[in-house]
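A short write-up of the structure that comes next.
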Amino acid sequence: MNQPDLSVEIGGISLKNPVMSASGCYGYGKEYGAFYDVEKLGALVVKGTTLEPREGNPPPRIVETAAGILNSVGLQNPGVEYFINEEIRTFSGSSIPLIVNIAGNLEEEYIRLAEKLDPVKEVSGLEVNISCPNVKKGGMAFGTDVECAHRLVKGVRAVTSKPLIVKLSPNVTDITGVALAAQEAGADALSLINTLLGMAIDIHSRKPVLGNVLGGLSGPAVKPVALRMVWQVSEKVRIPVVGMGGIMTAEDALEFIMAGASAVAVGTANFINPLAIPDIIEGIAGYMIENNIREFKELIGAARKGA
Amino acid sequence: MNQPDLSVEIGGISLKNPVMSASGCYGYGKEYGAFYDVEKLGALVVKGTTLEPREGNPPPRIVETAAGILNSVGLQNPGVEYFINEEIRTFSGSSIPLIVNIAGNLEEEYIRLAEKLDPVKEVSGLEVNISCPNVKKGGMAFGTDVECAHRLVKGVRAVTSKPLIVKLSPNVTDITGVALAAQEAGADALSLINTLLGMAIDIHSRKPVLGNVLGGLSGPAVKPVALRMVWQVSEKVRIPVVGMGGIMTAEDALEFIMAGASAVAVGTANFINPLAIPDIIEGIAGYMIENNIREFKELIGAARKGA
Amino acid sequence: MLFSSKSEIVQHQKKGPALFRIDLHAPEICGEARPGQFVHLKVEERGYHPLLRRPFSIYDLDRQEGVLSITYKVVGLGTEILSQKRQGETLEIMGPLGRPFTQWKEDQKIIMVAGGVGYAPLNFLARELLGRNIKLEVLLGARKEEELVGEEDLKAMGIAPEIAVEEGPRGFAGRVTELLKRKLEEESFHRLYSCGPCSMLKEVTRISREKSLKGEVSLESIMACGVGACLGCAFPVNEGSSESKLEVSIGESSGPKTSYQRVCVEGPTFSLEEVF
Amino acid sequence: MLFSSKSEIVQHQKKGPALFRIDLHAPEICGEARPGQFVHLKVEERGYHPLLRRPFSIYDLDRQEGVLSITYKVVGLGTEILSQKRQGETLEIMGPLGRPFTQWKEDQKIIMVAGGVGYAPLNFLARELLGRNIKLEVLLGARKEEELVGEEDLKAMGIAPEIAVEEGPRGFAGRVTELLKRKLEEESFHRLYSCGPCSMLKEVTRISREKSLKGEVSLESIMACGVGACLGCAFPVNEGSSESKLEVSIGESSGPKTSYQRVCVEGPTFSLEEVF
Ligand SMILES: Cc1cc2nc3c(=O)[nH]c(=O)nc-3n(C[C@H](O)[C@H](O)[C@H](O)COP(=O)(O)OP(=O)(O)OC[C@H]3O[C@@H](n4cnc5c(N)ncnc54)[C@H](O)[C@@H]3O)c2cc1C
Ligand SMILES: Cc1cc2nc3c(=O)[nH]c(=O)nc-3n(C[C@H](O)[C@H](O)[C@H](O)COP(=O)(O)OP(=O)(O)OC[C@H]3O[C@@H](n4cnc5c(N)ncnc54)[C@H](O)[C@@H]3O)c2cc1C
Ligand SMILES: Cc1cc2nc3c(=O)[nH]c(=O)nc-3n(C[C@H](O)[C@H](O)[C@H](O)COP(=O)(O)O)c2cc1C
Ligand SMILES: Cc1cc2nc3c(=O)[nH]c(=O)nc-3n(C[C@H](O)[C@H](O)[C@H](O)COP(=O)(O)O)c2cc1C
Ligand code: FES
Ligand code: FES
């Protein structure tokens with residue numbers, strides 16, 4: 001069998017394969033460029049970008065847990081102006097889609113971000129991180145309230161023609177409600193899951209381990225929850241879903257795809273295996289060859305077929 | 001230093017130490033009685049009991065995930081009548097508190113269960129599992145809606161004078177809301193967390209692994225999430241909190257206690273180490289001796305003190 | 001009290017491409033163990049990967065030496081880790097667990113049917129039956145020749161098993177159930193014992209019922225606790241045929257009424273009437 | 001391209017009660033590595049416990065043989081697992097990572113201060129400095145005598161380090177920082193290099209500043225990626241003193257303005273002006 005066709009379209013963005021970097025875990029792509037050609041990715045999702053520069057949270061920012069890590073990086077980033085003026089250059093020669101993850105504490109921040117990024121031709125799409133605390137709503141995340149999420153996405157939709165991928169928070173009672181609200185408000189695709197809120201305590205110092213007390217859980221530990229949410233959401237929506245949360249291997253990625261994801265993103269795995277993304281792309285191709293599957297699309301939602 | 005004082009009171013139930021069995025993971029206590037004297041426990045929490053017998057879900061019911069397990073046992077149990085008529089005898093000579101976990105799909109089922117168990121003198125308290133699907137509310141769990149939870153607990157409260165421990169579901173946006181509702185409705189204590197909803201897919205058969213598709217995630221993987229919820233809830237409520245979720249060792253138990261739990265429950269750990277509970281009790285005592293702590297109560301919420 | 005502690009590996013032998021035998025020093029378990037029972041092993045001493053223990057049938061026992069043997073096939077992470085343990089290392093072991101095979105005084109002629117490593121519990125049983133001077137015939141099946149388990153040990157006990165290898169070239173070229181069928185056309189037995197893959201056991205049960213041959217099978221299931229506490233290992237068992245108190249009938253099932261029983265307590269041994 | 005692959009353990013020696021040295025065959029890394037850089041090791045080949053890699057300074061290099069050494073102390077699960085690896089086994093290693101120590105042509109007389117296993121990056125640096133015929137004085141400190149690292153290797157290079165052991169009885173009975181203070185009263189140096197626990201480095205920085213002694217320290221931090229992609233290893237660095245583009249000033253901090261910098265990329269080497 002020839003090299004199988006791994007291409008897929010996510011909300012109007014054409015990917016040559018379904019594996020992207022997860023925001024915040026891949027810097028601006030340069031770091032892993034030291035290990036392999038980043039053009040191998042299906043798409044490059046860069047880290048959370050805010051309107052103003054953010055210093056991030058005090059250390060320690062990382063603590064390991066059983067098969068997972070908690071992080072409290074806190075959106076440290078140099079701000080959207082710096083991104084547009086300085087970082088963007090490095091992408092001018094790139095042939096793969098560049099997706100910018102945007103975040104804020106106010107609706108207006110998201111809208112300003114989308115306005116600023118709309119004319120930037122190197123940017124193929126925006127990933128709207130709605131897990132951020134909504135300052136006006138007393139700090140509950142935008143993504144935990146159906147109405148907030150709807151208004152936020154609608155606001156962003158109004159100011160940009162770029163494809164919008166709305167990134168959902170798993171810290172909710174009913175993720176399908178938020179998913180449907182985002183779809184209705186004009187999202188072209190959904191990505192899930194962001195990190196699960198968690199914490200760890202040092203029993204010797206009798207204090208929380210993280211400088212910021214709470215952190216976001218990622219890695220293999222969260223995979224069953226992420227997979228369940230992808231399963232539930234992809235059953236309800238008609239827009240494509242990008243699955244993530246604990247994907248370490250091609251087998252993990254295939255689980256998400258069979259659950260209904262049209263593409264996947266890889267975060268924490270990069271830290272353990274810097275070649276995780278190319279390994280996963282190769283592994284998916286290998287599975288297709290072994291199982292005589294010509295088109296990647298045949299696999300999307302394969303586990304739902306009988307269900 | 002002498003043997004430290006491990007005693008604590010949970011909603012009017014006096015425990016000689018703060019370590020209980022987690023419901024559904026310890027049968028009716030007999031199984032682990034083959035390894036050690038079950039009277040060592042702080043309290044014995046028996047498995048989920050329903051009004052009518054339940055057959056449970058089709059196999060496979062267990063699948064391992066990274067540092068966790070998914071289970072879809074589905075409340076298999078012989079029903080409350082059988083429990084009262086047959087099982088209860090084995091507890092008549094017991095000196096440790098017996099707590100019965102009750103579950104149902106209708107509010108009335110919980111109330112009938114509480115009524116039937118109220119006169120049973122061997123029963124020291126009820127743990128109200130509000131993670132069950134509320135049939136009248138379209139299948140969303142009682143524990144995911146503040147009003148449902150409040151009404152349910154109030155209803156149960158009205159028919160029994162036994163201490164009520166309300167067991168919270170982690171599959172919610174804001175667990176403190178449900179916790180406060182349960183407290184207001186008359187709960188004497190809270191226990192958390194129940195399992196996180198998850199799933200796994202077999203990429204070879206291209207089907208969900210569990211017979212029931214979805215299952216509940218438990219074990220070390222969920223500990224950071226459980227700990228965060230215990231931290232958040234114990235900050236808000238004035239009734240005691242029983243912490244659980246991934247406790248494998250005394251160190252894990254101490255994290256929950258320092259986060260604010262007055263007692264802990266141990267579930268999945270029993271499956272891996274049948275001596276987990278006595279080991280944890282001993283480990284807590286050892287920590288207290290090492291750190292010159294006379295009374296267990298000094299440790300409750302220790303990590304909050306500075307926070 | 002059930003035993004749960006560390007046991008030393010006194011011998012670890014490779015028996016085939018993916019087949020191993022471990023001998024463990026576990027006198028506490030040896031004393032009580034009966035054929036058909038199993039032990040629950042912790043293969044990873046540190047960390048949670050894999051998290052759960054792994055069940056293995058007792059393959060053989062040396063009560064005098066206090067040595068218990070298991071024979072296992074490498075199929076996944078747990079058995080892979082197990083296969084790398086060395087002599088002198090220790091393993092956490094609990095047991096003996098589960099319901100043993102029933103042995104009837106009146107039985108004189110017995111047939112055993114094993115699929116691959118499913119021979120494991122039958123080896124210990126065979127040794128006991130032979131000690132009772134019972135006439136024993138054993139059918140061993142496998143897909144490939146190298147997956148056959150038990151031939152050597154049976155021969156050492158003076159039994160020449162009949163072999164069925166699906167992919168040939170040795171013995172009968174086909175399924176062991178086909179061999180069983182032919183056998184039962186020619187001869188009759190007082191009892192059948194069988195263990196192997198689920199699909200094989202189903203067929204063995206069907207064939208035995210046709211011939212009104214009674215017997216027992218040993219089932220497998222994914223287990224968490226191994227001691228009856230979690231209800232994770234449930235298997236649908238025909239009602240009325242067992243004595244468990246946990247019986248709750250399964251409403252939707254067609255065919256005979258069944259209830260979920262625990263493979264780790266009510267099983268792994270079930271009578272032919274109870275299953276499928 | 002950065003190197004990330006399996007390397008064979010060519011030697012694994014116990015150097016003290018909880019101290020080990022591993023020599024790895026990693027010619028690809030040896031070629032480029034500079035003193036002060038580190039490697040990121042995967043200690044568990046299967047499973048996710050621990051999940052993350054572990055960073056270790058390059059202790060020594062044999063470019064000819066392509067052998068890279070690290071010296072480490074067992075402090076937790078990862079180093080415990082590492083300590084059980086045997087010669088001939090392989091380890092996933094990536095590197096060389098991080099900013100090396102800066103070496104100034106004009107330096108003639110240099111002082112090094114090490115706390116315990118913090119000596120690790122200084123050993124490789126010492127070898128290079130001595131190759132340049134620089135006069136080198138080394139202060140080694142530890143709480144207990146058995147925690148001292150480097151004495152033997154320094155002696156082999158012809159350096160007699162001064163020793164400070166807090167709990168005695170060898171050498172100076174107190175902190176190595178006290179030894180440093182006394183030393184700087186008597187002598188002057190062109191440069192200081194230091195590595196050890198955070199509290200020690202803070203004191204070293206304070207003392208050096210008092211004496212207007214310039215130099216560099218090597219910091220530690222919990223790391224996830226090790227390559228600058230996650231921002232997990234951030235450390236507050238004084239502004240204006242570094243050239244990183246990622247600088248975002250930390251508003252709330254009192255004292256000089258600081259920004260969070262990545263220990264794995266902007267560090268682990270920082271100048272004495274940049275830190276604390
Ligand atoms: C009572 C009992 C006795 C057993 N005796 C033996 C024995 O003597 N020798 C032997 O080789 N094996 C025996 N098994 C099966 C053995 O327990 C499994 O092969 C082992 O647990 C697999 O672990 P793993 O981590 O290598 O595989 P995993 O990675 O966990 O799984 C690999 C594959 O095997 C399947 N599997 C895993 N566990 C079981 C199980 N318990 N039952 C059925 N399928 C399973 C999985 O679904 C998967 O497809 C027995 C099982 C039971 C329940
Ligand atoms: C750039 C760099 C170079 C290093 N070089 C060496 C070296 O040459 N030799 C050596 O022995 N150690 C070195 N370390 C420290 C080493 O990485 C840790 O000791 C190791 O990761 C601990 O792993 P563990 O699993 O055994 O401990 P864990 O179980 O993870 O932790 C045990 C204790 O050590 C602390 N700890 C864990 N990781 C680090 C870390 N990265 N920095 C500081 N504290 C930590 C934890 O907070 C905890 O208190 C270096 C660290 C860095 C960042
Ligand atoms: C260190 C770190 C930083 C992250 N930063 C962001 C971010 O800036 N924006 C965002 O939407 N998600 C962020 N995430 C979440 C990841 O993109 C991803 O959703 C999550 O980690 C689950 O995937 P994984 O298990 O593969 O890491 C971050 C995760 C980690 C571990
Ligand atoms: C096999 C199994 C069965 C369970 N059954 C029940 C139950 O009947 N009622 C209940 O409230 N919780 C039940 N639980 C949840 C546990 O009591 C506990 O809340 C959860 O497993 C987290 O703790 P752990 O990580 O220590 O297992 C069950 C958990 C498992 C693993
Ligand atoms: S494995 Fe737990 S009941 Fe059988
Ligand atoms: S460890 Fe990831 S940026 Fe330094």
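The sequence lines fix the lettering, A, B, ..., with proteins before strands; numbering per chain opens at 1. Quick caveat, the model's predicted, so the values are computed rather than measured.
Contact check for E31(B) versus C225(C): no side-chain heavy atoms found under the 4.5 Å cut-off. Between P220(B) and L51(C), some side-chain heavy-atom pair lies under the 4.5 Å cut-off. K42(C) is listed as a side-chain neighbour of I272(B), based on a closest heavy-atom distance under 4.5 Å. Annotation: side chain of R53(C) is in contact with side chain of P274(B) (closest heavy-atom distance under 4.5 Å).
Of the listed residues (A66(B), C25(B), G219(B), G29(B)), the greatest number of heavy-atom pairs within a distance under 4.5 Å of chain C belongs to C25(B). For chain B, the option among S221(C), A229(C), G47(C), A224(C) with the highest count of heavy-atom pairs below 4.5 Å is A229(C).
Dense packing is recorded around NZ of K30(B), with more than 12 heavy atoms of other residues, nucleotides or ligands lying under 6.0 Å away. The environment of CZ in R143(C) is sparse: at most 12 heavy-atom neighbours from other residues, nucleotides or ligands sit within 6.0 Å. Enclosure of atom CZ in R54(C) by more than 12 non-hydrogen atoms of other residues, nucleotides or ligands within 6.0 angstrom is indicated. Within 6.0 Å of atom CZ in R112(B), 12 or fewer heavy atoms from other residues, nucleotides or ligands are found, so the atom counts as exposed in its surroundings. Taking a 6.0 Å sphere around NZ of K85(C), one finds it holds more than 12 heavy atoms contributed by other residues, nucleotides or ligands.
I62(B) and I222(C) make their closest contact through O-CG2, 3.7 Å (heavy atoms, listed as atom of the first residue, atom of the second, distance). Between N57(B) and Y260(C), the closest heavy-atom pair is O-CE1, 3.7 Å. Here the closest non-hydrogen pair linking G232(C) and R61(B) is O-CB, 3.5 Å.
With a 4.5 angstrom heavy-atom cutoff, T268(B) touches chain C only via side-chain atoms.
Checking side-chain atoms of Q76(B) against main-chain N and O of L231(C) turns up no donor-acceptor pair under 3.5 Å.
Here Y36(B) contributes atom OH and S4(C) contributes atom OG; the two are 11.0 Å apart, rounded to the nearest 0.5 Å.
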